[in-house]
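Since the structure comes first, as structure tokens, the remarks are kept for the end.
Each ligand, and each atom within it, is numbered from 1 in the order the structure gives. None of these values were measured; they are calculated from a predicted model.
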Amino acid sequence: MKPVLFWGATGQARVLREALHGVAEVVAVFDLADLPSPFAGVPIHTGEAGYARWASQYRDAAAVGACVAIGGGRGQDRLARQRWLESKGHAPLDVLHPRSFQAGDARIGRGCQLLAMSAVCSGAWLGDAVIVNTHASVDHDCRLGDGVHVGPGARLAGEVVIGDHAFIGTGAVILPRIQVGPGATVGAGAVVTRNVAPGETVVGNPARPLPQERPSA
Ligand SMILES: CC(=O)SCCNC(=O)CCNC(=O)[C@H](O)C(C)(C)COP(=O)(O)OP(=O)(O)OC[C@H]1O[C@@H](n2cnc3c(N)ncnc32)[C@H](O)[C@@H]1OP(=O)(O)O
């Protein structure tokens with residue numbers, strides 16, 4: 001089995017390891033925070049200093065692939081960490097759960113994570129470090145930028161365009177040909193009927209912007 005390191009030691013790491021069952025063996029875990037290892041018998045190291053110590057001691061560290069377990073709305077962090085690990089010689093691992101679907105003509109970028117029961121349909125184009133989470137679907141001819149996260153059970157209709165690092169919350173629905181700007185957030189359960197501006201957060205059905213400045217109670 002291919003050796004792989006994980007960056008990130010929370011729930012996303014456990015989900016990813018399960019998806020890689022029989023394909024890759026986790027040999028080390030890293031996190032910026034001082035956390036316990038999520039996996040019995042797999043050592044955890046803290047921060048970039050911890051990585052440097054591990055890399056200086058692990059035989060053939062450059063042959064170890066990398067998987068960045070940073071989810072939620074932190075697509076920019078996930079992408080940056082993937083690029084950093086790539087600069088150290090660790091090829092990003094594509095996580096394609098055995099019960100996920102990718103159309104033959106879909107383009108899947110480097111280090112994408114396509115989880116259980118997810119579907120990426122004909123002509124879809126995914127950038128690097130994209131997550132299509134459990135039971136989410138990306139329909140035909142959608143285009144997703146780098147670091148996008150499509151949350152669990154979210155539905156993207158055909159020809160939807162999602163900008164870099166945008167986060168689509170759990171169970172959201174995005175209608176055909178809608179454009180969601182870079183860094184935008186679509187709240188859980190939202191139904192998006194109009195384009196979403198870069199960096200904007202929208203919630204509800206139909207989705208409306210969440211005011212950035214909210215009066216304190
Ligand atoms: C496996 C995994 O878990 S992957 C991770 C999946 N995670 C998700 O799907 C989370 C998606 N995140 C959300 O929906 C968030 O609530 C966000 C990003 C939309 C807003 O978060 P915040 O900015 O922290 O907003 P906050 O919680 O303060 O709520 C602000 C207001 O919006 C409302 N609101 C928040 N989220 C939603 C929503 N999804 N739909 C409708 N209203 C919402 C709140 O009720 C609140 O209203 P009030 O001011 O009248 O009380």
Side-chain angles (χ1 to χ4, degrees), residues 6-21 29 31-33 35 38-39 67-82 94-101 111-120 126-138 142 144-157 160 162-175 178-217:
F6 274 22
W7 194 288
T10 58
Q12 180 80 358
R14 296 202 310 279
V15 172
L16 290 169
R17 189 198 206 192
E18 174 68 28
L20 288 169
H21 186 71
V29 185
D31 201 292
L32 292 178
L35 297 174
F39 311 126
C67 191
V68 183
I70 299 176
R74 297 176 57 206
Q76 202 155 6
D77 294 344
R78 182 171 60 259
L79 185 66
R81 187 55 66 185
Q82 178 168 309
D94 301 327
V95 181
L96 307 177
H97 191 284
R99 290 195 175 80
S100 65
F101 165 76
C112 285
Q113 301 170 4
L114 309 182
L115 300 180
M117 314 308 285
S118 66
V120 176
L126 274 53
D128 294 343
V130 168
I131 300 176
V132 182
N133 218 314
T134 310
H135 225 295
S137 62
V138 174
C142 283
L144 277 52
D146 293 337
V148 165
H149 180 179
V150 182
R155 302 278 181 232
L156 274 50
V160 164
I162 311 283
D164 291 347
H165 320 132
F167 172 41
I168 313 302
T170 305
V173 173
I174 304 190
L175 299 193
I178 291 290
Q179 302 201 3
V180 175
T185 299
V186 172
V191 178
V192 182
T193 59
R194 299 181 189 167
N195 292 348
V196 179
E200 190 169 58
T201 297
V202 298
V203 297
N205 177 7
R208 295 283 183 254
L210 194 62
Q212 292 194 324
E213 298 293 330
R214 293 194 288 276
S216 53

Exercise for the section: Check whether any side-chain heavy atom of Val192 sits under 4.5 Å from a side-chain heavy atom of Val160, and report yes or no. Expected result: no
Exercise for the section: For the pair Phe6 and Phe39, name the ring-plane relationship: parallel under 30°, tilted 30 to 60°, perpendicular over 60°. Expected result: perpendicular
Handout entry: Heavy-atom proximity to atom 6 (C) of ligand 1, best of Asn133, Val15, Thr170, Ile168
Key =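 Selected option, by shortest heavy-atom distance: Thr170.
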Practice task
Using heavy-atom distances, let me know which of Gly171, Gly73, Ala207, Ala188 sits nearest atom 13 (C) of ligand 1.
Solution key: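 Selected option, by shortest heavy-atom distance: Ala188.
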Handout entry: Region of Thr134 that comes within reach of ligand 1 [heavy atoms, distance under 4.0 Å]
Key = neither
Exercise for the section: Kindly give the heavy-atom pair with the smallest separation between Ala19 and Pro98, and that separation in Å. Expected result: O-CD, 3.7 Å
Completion exercise
Closest heavy-atom pair, Asp31 versus Ala33, reported as atoms and distance to 0.1 Å, is OD1-N, 2.9 Å
Below 4.0 angstrom from a heavy atom of [X], which ligand 1 atoms are there? Numbered from 1 as shown, please.
{"X": "Gly169", "answer": "9 (O)"}
{"X": "Gly187", "answer": "14 (O), 19 (C), 39 (N)"}
{"X": "Thr185", "answer": "18 (C)"}

Practice task
Report yes or no: does a heavy atom of Pro152 sit under 4.0 Å from some atom of ligand 1?
Solution key: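 Under 4.0 Å: yes for Pro152.
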Handout entry: Gap between atom CD1 of Ile131 and atom CZ of Arg74 - 0.5 Å precision
Key = 10.5 Å
Problem - Exam field: side chain Arg99 to backbone Ala116, donor-acceptor pair closer than 3.5 Å - result: no
